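Structure first, commentary second.
Please read all numbers here as calculations on a predicted model, not as lab measurements. Chain naming here is simple, since letters A, B, ... match the order of the sequence lines and numbering starts at 1 in each.
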Amino acid sequence: MNLDFLGDNKRSHYCGNLDASLVGRQVSLCGWVHRRRDLGKLIFVQLRDVSGIVQVVFDSGAFDDFAKVEALRAEYVLWVKGVVQKKGDSGQEVEVLASDILLLNNAPELPVQVNEGTMADEDIRLKYRYLDLRRPALQNIIKTRSKIISGIRRFLDGEGFFEIETPILMKSTPEGARDYLVPSRLQNGKFFALPQSPQIYKQLLMISGFDKYYQIAKCFRDEDLRADRQPEFTQLDMEMSFVTQEDIFAINQRLFQYLFKEILGVDLSEFPRLTYNQAMEDYGSDKPDLRFGMKLKNLSEVLQDTEFKVFASALADGGSVRCVVAPGCGSFSRKQIDEFVAVAKHLGGKGLAHTKVEGGKLEGGVAKFLSDAEQKAIIKTSGAKDGDLIFYASDSNSVVYKVLDGVRRALGKQLGLCDDEQFAFAWITDFPLFEYDQENGRWVACHHMFTNPKEEHLKYFENEADYGKIQGMLYDLVCNGMEISSGSIRCHRADIQKKIFDLLGFEQEELDEKFGFFLEALKYGTPPHGGIAPGIDRLVMIMTKAASIRDVIAFPKTLKAVDLMSQSPSQVDISQLEELGIEIKKNK
RNA sequence: GGGGGUGUAGUUCAGUUGGUUAGAACGUCUGCCUGUCACGCAGAAGGUCGCGAGUUCGAGUCCCGUCACUCCCGCCA
């Protein structure tokens, strides 16, 4: 094979860009054999490059070295010269009648099929990720991701933002998620951490005066994974000075409107807002799927004197009885209902009660345990109509919320209410600042410790009984039941920051060691500031309708945080460990 | 850390009550075919039934353990 592979033979066009306007023109293409249809003296090759696929025709009557063409196999790499012609008599579709080819490389039989053959399981596709990434479906996602990121840069540059890189090797901050640690050779026995987010650095940049900052930031968290969670992921990290929550909402809404219009041609309307308390009350979740209604209803009041033990005992224990109405589902079979009971149990519910509504009365399920008056009240409060099915959960509030949120989502899916083409964004606001950690018997920050409390809630710092009432200037952006962004207005006043640390039970010595440099920085004229960090992987998932976060990352890891292709993480040479002064315990 | 699912040919899957030589489709290979477009036709090769141990005259199938992937709970400021 000639090592000057292409010589003067350059690519003139991309496969996917040929159209009827080029009919009669000579073109040269580079690409892979996607599919081959061999008719003996006539061979059709579907040639694929990153732009798409075009059919190339090889006619033995008009092609000198036909043996070369007969030897072509799937995924061989070609340079092809030929003339564009219409494919068939009618239509706009074109093909290329080849006059010359150069075989640039070959390939053995493939472990996965790149064309539309049987799709291998994900673990095999992950091992051969570079081949899986040749599949047009996956290429389209990665191309859309690229467009989203360039769109973000274009928009924020236009808004006067500075893109600034922050360190990947940074100080470990044991609050919150588990850090990925990196041992230091020059500082033996000490460790860097990979950033869970550039939080502290972006606040320092505000102190430095770069009053509009952003970064397409890689973040790392050593926690267990999910279908929408990877150990390393990408955030659009943003921070602004001299802004209010309203400013951050406005610029983010415009950013998302810009991206959806540019990339999907979709007009997003004004993002509605919901307080955290309202979201929990109506949907049992702080990231509700707002593509459909079916709000939860609280029946605790109308059932306060019920004799039905299951409900009564939950109420007596300080819990609640709530329901969700499944419209028109009164004819569900026992088996269908059991599937929702399974959902409830899966989420920690002891069970899931149900009744039908018929002739203005409750029927079936637990109906016989409820008095006429209670039945009437339930129908009135829930708004259920004849032919509807009602699911009831009774337990502590947190379990009831979790269960009915799950049941509502499952119902939405089953009833076809989760339309992929619809994008239901909403701001969730007024989150609590602290929550009580039962396990460790202490208060912890819900978001992070540098969030500003609401002015009117400063009074609650006086009394531990009120700590749970303190709300922060905290907000999430949700879409279709997924949290895609989370942010806050930061605390820029030392006296308020001190109150927060006191509440969380930090000793001065510990603070100095962990955050001393940051607390010192806050003293020197910190401007009021705040920010947000949309998750780019989840945004790409929503915009490309991907089912898994692994589909939107070029080289993802498995649920056990392993790269099946490179087999990392891996063991390292003993000499590497010795340099670092690290010894591996043998028992694991 | 806990619970569920999956693992059989290169790939996707079937495999009955534990019983002869473990099947199909796609892919691969050989031959034929000048308008295919999931090309077609004829033929062939291809198996550590994830791994280990056990029960049994006999295990893909049953028991135990283990590994990998996946979904969920905990966890993810």
I want to verify a distance call: between [options], whose nearest atom is closest to the [X] side chain?
| X | options | result |
| --- | --- | --- |
| A/Gln113 | B/G10, B/U36, B/U70 | B/G10 |
| A/Glu223 | B/A68, B/C75, B/C29 | B/C75 |
| A/His346 | B/U30, B/U36, B/G3 | B/G3 |
| A/Lys41 | B/C33, B/C73, B/U36 | B/C33 |
| A/Arg73 | B/C72, B/U30, B/U36 | B/U30 |
| A/Asp38 | B/A68, B/C33, B/U11 | B/C33 |
| A/Arg550 | B/C75, B/U70, B/U11 | B/U70 |
| A/Leu39 | B/C76, B/C29, B/C33 | B/C33 |
| A/Thr118 | B/U12, B/G74, B/G35 | B/U12 |
| A/Leu42 | B/U11, B/G35, B/U28 | B/G35 |

May I ask you to say what [X] touches in the nucleic acid, namely base, sugar-phosphate or nothing, with a heavy-atom cut-off under 4.0 Å?
| X | value |
| --- | --- |
| A/Arg226 | base |
| A/Gln199 | base |
| A/Thr451 | nothing |
| A/Glu75 | nothing |
| A/Ile43 | nothing |
| A/Glu435 | nothing |
| A/Leu110 | sugar-phosphate |
| A/Gln46 | nothing |
| A/Glu109 | base |
| A/Thr173 | nothing |
| A/Lys402 | sugar-phosphate |
| A/Gly61 | base |

Hey, is [X] close enough to [Y] for a salt bridge, meaning N to O under 4.0 Å?
| X | Y | value |
| --- | --- | --- |
| A/Asp502 | A/Lys498 | yes |
| A/Glu75 | A/Arg48 | yes |
| A/Arg229 | A/Glu223 | no |
| A/Lys127 | A/Asp123 | no |

Could you state the atom-to-atom distance from [atom1] of [X] to [atom2] of [N] in whole Å?
| X | N | atom1 | atom2 | value |
| --- | --- | --- | --- | --- |
| A/Leu131 | B/G27 | CG | P | 17 Å |
| A/Phe58 | B/G35 | CZ | P | 17 Å |
| A/Gln55 | B/U34 | CD | C1' | 13 Å |
| A/Glu95 | B/U34 | CD | C1' | 13 Å |
| A/Arg135 | B/U12 | CZ | C1' | 14 Å |
| A/Gln567 | B/A68 | CD | C1' | 11 Å |

In terms of heavy-atom contacts, A/Pro167 and A/Pro195 come closest through O-CG, 3.9 Å
Minimum-distance pair of heavy atoms, taken over all atoms of A/Arg125 and A/Ala120: NE-O, 2.8 Å
Is there a Watson-Crick or G-U wobble partner for [N] with both distances under 3.5 Å, and which nucleotide is it?
| N | answer |
| --- | --- |
| B/C69 | B/G5 |
| B/C57 | B/G19 |
| B/G52 | B/C64 |
| B/G40 | B/C32 |
| B/A24 | B/U12 |

If you assign each of A/Lys86 and A/Ala120 to its closest nucleotide in RNA chain B, which residue comes earlier from the 5' end? A/Ala120
Would you kindly compare A/Arg178 and A/Ser60 by the position of their nearest RNA chain B nucleotide and give the one closer to the 5′ end? A/Ser60
Has the side chain of [X] got a donor or acceptor that lies under 3.5 Å from a partner of the other kind on the base of [N]?
| X | N | result |
| --- | --- | --- |
| A/Arg35 | B/G27 | no |
| A/Asp224 | B/G74 | yes |
| A/Arg229 | B/C76 | yes |

Checking A/Phe249 against A/Trp427 for the ring-ring contact (aromatic ring centres under 6.0 Å, His included) test, could you report, in this order, the C-alpha distance in whole Å, the side-chain angles of both residues, the deciding distance, and whether it holds? CA-CA 8 Å; A/Phe249 286 5; A/Trp427 291 107; 4.1 Å; yes
Above 12 or not: heavy atoms from other molecules or residues under 6.0 Å from CZ of A/Arg73? yes
Side-chain N or O of A/Lys87 closer than 4.0 Å to phosphate OP1/OP2 of B/C37: no
